[in-house]
Amino acid sequence: MARDKAKPCELDQEKYDADDNVKIICLGDSAVGKSKLMERFLMDGFQPQQLSTYALTLYKHTATVDGKTVLVDFWDTAGQERFQSMHASYYHKAHACIMVFDVQRKITYRNLSTWYAELREFRPEIPCIVVANKIDDMKMTQKSFNFARKFSLPLYFVSAADGTNVVKLFSDAIRLAVSYKQNSRDFMDEVLQELENIDLKREEEEEEEMLDKEQPGRQQSPSPS
Ligand SMILES: Nc1nc2c(ncn2[C@@H]2O[C@H](COP(=O)(O)OP(=O)(O)OP(=O)(O)O)[C@@H](O)[C@H]2O)c(=O)[nH]1
Ligand SMILES: [Mg+2]
(Lines give C-alpha, C1' and ligand atoms only; values in the text may rest on other atoms or scores of the structure.)
(Ligands and ions follow the chains in the order given, each with its own letter.)
Protein backbone atom coordinates (compact mmCIF):
# COMPACT_ATOMS: atom_id res chain seq x y z
CA MET A 1 0.00 0.00 0.00
CA ALA A 2 2.67 2.46 1.09
CA ARG A 3 4.60 1.60 -2.03
CA ASP A 4 1.63 2.42 -4.25
CA LYS A 5 1.14 5.74 -2.55
CA ALA A 6 4.79 6.62 -3.06
CA LYS A 7 4.65 5.90 -6.78
CA PRO A 8 3.30 9.20 -8.15
CA CYS A 9 5.90 11.12 -6.17
CA GLU A 10 8.71 8.93 -7.48
CA LEU A 11 7.50 9.51 -11.01
CA ASP A 12 7.21 13.23 -10.53
CA GLN A 13 10.66 13.34 -9.06
CA GLU A 14 12.01 11.46 -12.07
CA LYS A 15 10.33 13.96 -14.36
CA TYR A 16 11.73 16.80 -12.37
CA ASP A 17 15.24 15.37 -12.60
CA ALA A 18 15.03 14.36 -16.25
CA ASP A 19 17.98 15.47 -18.35
CA ASP A 20 16.13 15.18 -21.59
CA ASN A 21 12.88 14.25 -23.24
CA VAL A 22 12.46 12.68 -26.64
CA LYS A 23 9.64 11.75 -28.95
CA ILE A 24 9.65 8.44 -30.83
CA ILE A 25 7.05 7.67 -33.47
CA CYS A 26 5.90 4.34 -34.83
CA LEU A 27 4.89 3.85 -38.47
CA GLY A 28 3.63 0.98 -40.59
CA ASP A 29 0.51 -0.56 -42.10
CA SER A 30 -2.44 -1.63 -40.03
CA ALA A 31 -2.03 -4.87 -38.06
CA VAL A 32 1.76 -5.15 -38.47
CA GLY A 33 2.02 -5.12 -34.67
CA LYS A 34 2.98 -1.54 -33.77
CA SER A 35 0.78 -1.43 -30.68
CA LYS A 36 1.68 -4.96 -29.62
CA LEU A 37 5.38 -4.10 -29.77
CA MET A 38 4.84 -1.11 -27.49
CA GLU A 39 2.68 -3.22 -25.20
CA ARG A 40 5.43 -5.84 -25.03
CA PHE A 41 8.12 -3.29 -24.24
CA LEU A 42 6.17 -1.12 -21.80
CA MET A 43 4.07 -3.75 -20.05
CA ASP A 44 6.09 -6.86 -20.85
CA GLY A 45 2.90 -8.50 -21.98
CA PHE A 46 1.01 -9.58 -25.08
CA GLN A 47 -2.76 -9.93 -25.44
CA PRO A 48 -3.44 -11.50 -28.82
CA GLN A 49 -6.76 -9.73 -29.39
CA GLN A 50 -7.26 -7.85 -32.65
CA LEU A 51 -7.92 -4.24 -31.69
CA SER A 52 -6.93 -1.59 -34.17
CA THR A 53 -5.63 1.67 -32.74
CA TYR A 54 -8.10 4.48 -33.09
CA ALA A 55 -6.38 7.75 -34.01
CA LEU A 56 -3.53 8.26 -31.58
CA THR A 57 -2.15 6.71 -28.40
CA LEU A 58 0.64 8.32 -26.44
CA TYR A 59 2.76 6.30 -24.00
CA LYS A 60 5.03 7.96 -21.46
CA HIS A 61 8.14 6.09 -20.44
CA THR A 62 11.16 6.88 -18.28
CA ALA A 63 14.50 5.46 -19.39
CA THR A 64 18.11 5.78 -18.32
CA VAL A 65 20.73 6.50 -20.95
CA ASP A 66 24.37 6.75 -19.86
CA GLY A 67 23.28 7.36 -16.28
CA LYS A 68 20.89 10.14 -17.24
CA THR A 69 17.11 10.08 -16.89
CA VAL A 70 15.28 10.46 -20.16
CA LEU A 71 11.54 10.93 -20.59
CA VAL A 72 10.29 9.20 -23.69
CA ASP A 73 7.01 9.87 -25.46
CA PHE A 74 6.09 6.93 -27.69
CA TRP A 75 3.51 7.89 -30.30
CA ASP A 76 1.40 5.11 -31.73
CA THR A 77 -1.14 5.65 -34.45
CA ALA A 78 -3.32 3.52 -36.66
CA GLY A 79 -1.80 2.47 -39.96
CA GLN A 80 -5.05 2.86 -41.88
CA GLU A 81 -5.43 5.20 -44.79
CA ARG A 82 -8.26 7.03 -43.09
CA PHE A 83 -5.89 8.61 -40.59
CA GLN A 84 -3.37 9.93 -43.12
CA SER A 85 -4.45 13.53 -42.57
CA MET A 86 -3.10 13.74 -39.02
CA HIS A 87 0.43 12.95 -39.98
CA ALA A 88 1.90 16.46 -40.01
CA SER A 89 1.43 16.86 -36.26
CA TYR A 90 2.35 13.24 -35.70
CA TYR A 91 5.81 13.82 -37.17
CA HIS A 92 6.29 17.20 -35.54
CA LYS A 93 9.50 17.28 -33.48
CA ALA A 94 9.97 13.51 -33.51
CA HIS A 95 13.52 12.40 -32.68
CA ALA A 96 13.41 8.83 -33.97
CA CYS A 97 11.12 6.50 -35.89
CA ILE A 98 10.34 2.80 -35.60
CA MET A 99 8.98 1.59 -38.95
CA VAL A 100 7.30 -1.80 -38.79
CA PHE A 101 6.26 -4.42 -41.35
CA ASP A 102 4.82 -7.90 -40.96
CA VAL A 103 7.09 -10.68 -42.28
CA GLN A 104 4.01 -12.69 -43.19
CA ARG A 105 2.38 -10.05 -45.38
CA LYS A 106 4.38 -8.90 -48.38
CA ILE A 107 2.20 -5.85 -48.96
CA THR A 108 3.24 -4.37 -45.61
CA TYR A 109 6.88 -4.68 -46.71
CA ARG A 110 6.14 -3.06 -50.09
CA ASN A 111 4.37 -0.18 -48.38
CA LEU A 112 7.48 0.70 -46.40
CA SER A 113 8.65 2.91 -49.24
CA THR A 114 5.48 5.03 -48.96
CA TRP A 115 5.86 5.36 -45.19
CA TYR A 116 9.52 6.18 -45.56
CA ALA A 117 8.90 8.85 -48.22
CA GLU A 118 6.34 10.51 -45.96
CA LEU A 119 8.66 10.34 -42.97
CA ARG A 120 11.46 12.01 -44.90
CA GLU A 121 9.12 14.71 -46.15
CA PHE A 122 8.53 15.84 -42.56
CA ARG A 123 11.68 14.66 -40.77
CA PRO A 124 14.55 14.41 -43.28
CA GLU A 125 17.25 13.55 -40.75
CA ILE A 126 15.88 11.57 -37.82
CA PRO A 127 17.16 8.03 -37.18
CA CYS A 128 14.81 5.34 -38.46
CA ILE A 129 14.84 1.64 -37.56
CA VAL A 130 13.15 -0.85 -39.87
CA VAL A 131 11.41 -3.64 -37.97
CA ALA A 132 10.45 -7.06 -39.32
CA ASN A 133 7.79 -8.21 -36.84
CA LYS A 134 6.10 -11.58 -36.21
CA ILE A 135 9.19 -13.73 -36.73
CA ASP A 136 7.70 -16.21 -34.23
CA ASP A 137 5.32 -17.43 -36.92
CA MET A 138 7.90 -17.79 -39.65
CA LYS A 139 11.45 -18.93 -39.25
CA MET A 140 12.90 -16.51 -41.72
CA THR A 141 15.31 -14.42 -39.68
CA GLN A 142 18.09 -15.04 -42.17
CA LYS A 143 16.26 -13.46 -45.04
CA SER A 144 17.77 -10.19 -46.09
CA PHE A 145 15.40 -7.38 -46.91
CA ASN A 146 16.72 -4.95 -49.48
CA PHE A 147 14.71 -1.97 -48.35
CA ALA A 148 16.80 -1.43 -45.22
CA ARG A 149 20.06 -1.90 -47.11
CA LYS A 150 19.00 0.47 -49.89
CA PHE A 151 18.54 3.34 -47.43
CA SER A 152 21.31 2.22 -45.02
CA LEU A 153 18.82 1.71 -42.21
CA PRO A 154 19.24 -0.72 -39.33
CA LEU A 155 16.95 -3.76 -39.59
CA TYR A 156 15.69 -5.66 -36.52
CA PHE A 157 13.94 -9.03 -36.58
CA VAL A 158 11.49 -9.07 -33.69
CA SER A 159 8.41 -10.70 -32.23
CA ALA A 160 5.93 -8.88 -30.05
CA ALA A 161 4.38 -12.27 -29.30
CA ASP A 162 7.42 -13.94 -27.74
CA GLY A 163 9.46 -10.82 -27.03
CA THR A 164 12.44 -11.57 -29.30
CA ASN A 165 14.63 -8.47 -29.67
CA VAL A 166 11.92 -6.11 -28.39
CA VAL A 167 13.91 -4.63 -25.50
CA LYS A 168 16.94 -4.22 -27.75
CA LEU A 169 14.84 -2.49 -30.40
CA PHE A 170 13.34 0.05 -28.02
CA SER A 171 16.56 0.65 -26.05
CA ASP A 172 18.43 1.35 -29.26
CA ALA A 173 15.64 3.60 -30.54
CA ILE A 174 15.77 5.64 -27.31
CA ARG A 175 19.56 5.89 -27.54
CA LEU A 176 19.37 7.04 -31.17
CA ALA A 177 16.67 9.59 -30.34
CA VAL A 178 18.72 11.08 -27.50
CA SER A 179 21.84 11.23 -29.59
CA TYR A 180 19.92 12.83 -32.47
CA LYS A 181 18.47 15.45 -30.14
CA GLN A 182 21.87 16.28 -28.70
CA ASN A 183 23.76 16.44 -31.98
CA SER A 184 21.17 17.48 -34.51
CA ARG A 185 22.01 20.36 -36.78
CA ASP A 186 18.68 19.98 -38.49
CA PHE A 187 17.72 23.39 -39.81
CA MET A 188 14.02 23.08 -38.98
CA ASP A 189 14.81 21.99 -35.42
CA GLU A 190 16.95 25.05 -34.92
CA VAL A 191 14.29 27.35 -36.32
CA LEU A 192 11.62 25.77 -34.10
CA GLN A 193 13.88 26.06 -31.06
CA GLU A 194 14.50 29.73 -31.88
CA LEU A 195 10.74 30.36 -32.19
CA GLU A 196 10.12 28.61 -28.88
CA ASN A 197 12.71 30.78 -27.17
CA ILE A 198 11.10 33.93 -28.60
CA ASP A 199 7.66 32.75 -27.43
CA LEU A 200 8.99 31.99 -23.97
CA LYS A 201 10.64 35.38 -23.73
CA ARG A 202 7.44 37.11 -24.84
CA GLU A 203 5.39 35.15 -22.29
CA GLU A 204 7.83 36.10 -19.56
CA GLU A 205 7.62 39.75 -20.54
CA GLU A 206 3.83 39.62 -20.57
CA GLU A 207 3.83 38.02 -17.14
CA GLU A 208 6.14 40.72 -15.84
CA GLU A 209 3.84 43.40 -17.26
CA MET A 210 0.80 41.78 -15.67
CA LEU A 211 2.52 41.62 -12.30
CA ASP A 212 3.53 45.25 -12.58
CA LYS A 213 -0.08 46.23 -13.28
CA GLU A 214 -1.41 44.15 -10.39
CA GLN A 215 1.15 45.54 -7.94
CA PRO A 216 1.87 49.12 -8.98
CA GLY A 217 4.22 49.67 -6.05
CA ARG A 218 6.24 46.56 -6.78
CA GLN A 219 8.93 48.30 -8.80
CA GLN A 220 9.37 51.04 -6.28
CA SER A 221 9.60 48.77 -3.25
CA PRO A 222 12.29 50.23 -1.02
CA SER A 223 15.61 48.52 -1.26
CA PRO A 224 17.24 47.69 2.02
CA SER A 225 19.82 50.33 2.71
N1 LIG B 1 2.17 -14.05 -34.28
C2 LIG B 1 2.31 -12.77 -33.99
N3 LIG B 1 1.24 -11.95 -34.03
C4 LIG B 1 1.42 -10.64 -33.72
C5 LIG B 1 2.68 -10.13 -33.38
N6 LIG B 1 2.54 -8.79 -33.15
C7 LIG B 1 1.25 -8.51 -33.34
N8 LIG B 1 0.57 -9.62 -33.69
C9 LIG B 1 -0.87 -9.71 -33.98
O10 LIG B 1 -1.15 -8.84 -35.07
C11 LIG B 1 -2.40 -8.18 -34.87
C12 LIG B 1 -2.23 -6.67 -35.01
O13 LIG B 1 -1.42 -6.16 -33.99
P14 LIG B 1 -1.50 -4.62 -33.54
O15 LIG B 1 -0.38 -4.36 -32.63
O16 LIG B 1 -2.86 -4.27 -33.12
O17 LIG B 1 -1.20 -3.92 -34.98
P18 LIG B 1 -1.06 -2.36 -35.29
O19 LIG B 1 0.11 -2.23 -36.19
O20 LIG B 1 -1.02 -1.58 -34.03
O21 LIG B 1 -2.39 -2.05 -36.11
P22 LIG B 1 -3.20 -0.66 -36.27
O23 LIG B 1 -3.43 -0.12 -34.89
O24 LIG B 1 -4.46 -1.03 -36.97
O25 LIG B 1 -2.36 0.25 -37.11
C26 LIG B 1 -2.93 -8.63 -33.51
O27 LIG B 1 -3.88 -9.62 -33.73
C28 LIG B 1 -1.73 -9.20 -32.81
O29 LIG B 1 -2.09 -10.24 -31.95
C30 LIG B 1 3.80 -11.03 -33.33
O31 LIG B 1 4.94 -10.68 -33.05
N32 LIG B 1 3.54 -12.34 -33.68
MG1 LIG C 1 -2.23 -0.14 -33.25
Side-chain angles (χ1 to χ4, degrees), residues 22-42 46 52-53 56-57 59 61 63 65 72-81 83-84 86-88 90-181 183-184 186:
V22 290
K23 169 178 172 179
I24 299 179
I25 55 174
C26 204
L27 295 179
D29 281 6
S30 188
V32 292
K34 300 181 295 296
S35 304
K36 295 290 165 196
L37 283 167
M38 296 218 182
E39 200 176 293
R40 166 62 71 185
F41 177 65
L42 297 167
F46 182 88
S52 189
T53 307
L56 173 74
T57 313
Y59 299 95
H61 175 67
V65 177
V72 189
D73 283 345
F74 286 112
W75 289 50
D76 178 27
T77 191
Q80 278 115 325
E81 291 281 310
F83 295 118
Q84 292 278 334
M86 65 168 289
H87 283 151
Y90 189 69
Y91 292 110
H92 184 66
K93 285 188 173 183
H95 301 104
C97 171
I98 293 173
M99 208 166 67
V100 188
F101 72 99
D102 175 348
V103 287
Q104 301 171 50
R105 285 187 299 139
K106 233 187 214 167
I107 183 69
T108 68
Y109 173 69
R110 277 201 225 112
N111 285 341
L112 286 183
S113 48
T114 313
W115 288 111
Y116 191 63
E118 191 173 276
L119 168 71
R120 288 310 179 214
E121 201 182 303
F122 292 101
R123 303 298 283 147
E125 308 274 350
I126 62 168
C128 174
I129 297 178
V130 181
V131 176
N133 188 33
K134 308 197 188 181
I135 59 161
D136 54 291
D137 268 12
M138 255 183 171
K139 296 296 163 215
M140 55 180 304
T141 51
Q142 301 309 315
K143 190 170 173 3
S144 94
F145 288 95
N146 273 326
F147 178 85
R149 209 172 331 130
K150 185 171 155 195
F151 294 101
S152 305
L153 303 170
L155 171 64
Y156 287 54
F157 292 90
V158 309
S159 164
D162 67 18
T164 306
N165 271 335
V166 173
V167 172
K168 179 161 177 43
L169 163 67
F170 281 90
S171 312
D172 290 358
I174 294 169
R175 203 168 267 282
L176 285 170
V178 170
S179 139
Y180 171 80
K181 193 177 178 189
N183 305 315
S184 153
D186 187 285

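Here the structure is a predicted model, which is why all the values come from computation and not from measurement. Side chains included, hydrogens not; waters and symmetry mates left out as well; all remaining heavy atoms used.
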Student: Do side-chain atoms of Tyr90 reach the backbone of Cys26 as a donor and acceptor pair under 3.5 angstrom?
Tutor: yes
Student: Between Asn165, Thr164, Asp136, which is the residue that forms a side-chain hydrogen bond (donor to acceptor under 3.5 Å, both in side chains) with Ser159?
Tutor: Asp136
Student: For a quick check under 3.5 Å, do Tyr91 and Glu121 share a side-chain donor-acceptor pair by atom type?
Tutor: no
Student: What do the steps show when you test Leu42 against Phe74 for side chain to side chain contact (heavy atoms under 4.5 Å, CB included), and what is the final call?
Tutor: CA-CA 10 Å; Leu42 297 167; Phe74 286 112; 4.1 Å; yes
Student: Is it true that the side chains of Asp76 and Ser35 contain a donor and an acceptor less than 3.5 Å apart?
Tutor: yes
Student: Would you say that Asp102 contacts Asn133 through its side chain, given a criterion of any heavy-atom pair below 4.5 Å between the two side chains?
Tutor: no
Student: Are Phe145 and Val130 side-chain neighbours, meaning at least one heavy-atom pair lies under 4.5 Å?
Tutor: no
Student: Just do the side chain to side chain contact (heavy atoms under 4.5 Å, CB included) check on Tyr109 and Asn146 with the steps written out, would you?
Tutor: CA-CA 10 Å; Tyr109 173 69; Asn146 273 326; 4.2 Å; yes
Student: Hey, could you give me the CD1/OG1 distance between Ile25 and Thr77, rounded to the nearest 0.5 Å?
Tutor: 10.0 Å
Student: Which pair of heavy atoms, one from His95 and one from Pro127, lies closest together, and at what distance?
Tutor: O-CD, 3.2 Å
Student: Taking the side chain as C-beta and beyond, is there a heavy-atom pair between Leu153 and Tyr116 under 4.5 Å?
Tutor: yes
Student: Considering only heavy atoms from C-beta outward, does the side chain of Arg123 approach that of Cys128 to under 4.5 Å?
Tutor: no
Student: Please confirm whether the backbone N or O of Asp29 pairs with a side-chain atom of Lys34, one donor and one acceptor, at under 3.5 Å?
Tutor: yes
Student: Distance check, rounded to the nearest 0.5 Å: Arg120 atom CZ versus Phe151 atom CZ?
Tutor: 9.5 Å
Student: Are any of the side-chain heavy atoms of Tyr180 and Val22 separated by less than 4.5 Å?
Tutor: no
Student: If you look at every heavy atom in Val32 and Lys134, which pair is closest and at what distance?
Tutor: O-CE, 3.6 Å
Student: Kindly determine whether Trp115 and Thr108 satisfy side chain to side chain contact (heavy atoms under 4.5 Å, CB included), including the steps that lead there.
Tutor: CA-CA 10 Å; Trp115 288 111; Thr108 68; over 6 Å; no
Student: What are the two closest non-hydrogen atoms of Ile98 and Val131, and how far apart are they?
Tutor: CG2-CG2, 3.7 Å
Student: What do you reckon, are the aromatic ring centroids of His61 and Phe170 less than 6.0 Å apart?
Tutor: no
Student: Any side-chain heavy atom of Phe101 within less than 4.5 Å of one from Asn111?
Tutor: no
Student: For the atom pair CD (Glu39) and OG1 (Thr57), what is the distance rounded to the nearest 0.5 Å?
Tutor: 10.5 Å
Student: Can you name the nearest heavy-atom pair linking Ala94 to Ile126, along with the distance?
Tutor: O-CG2, 3.2 Å
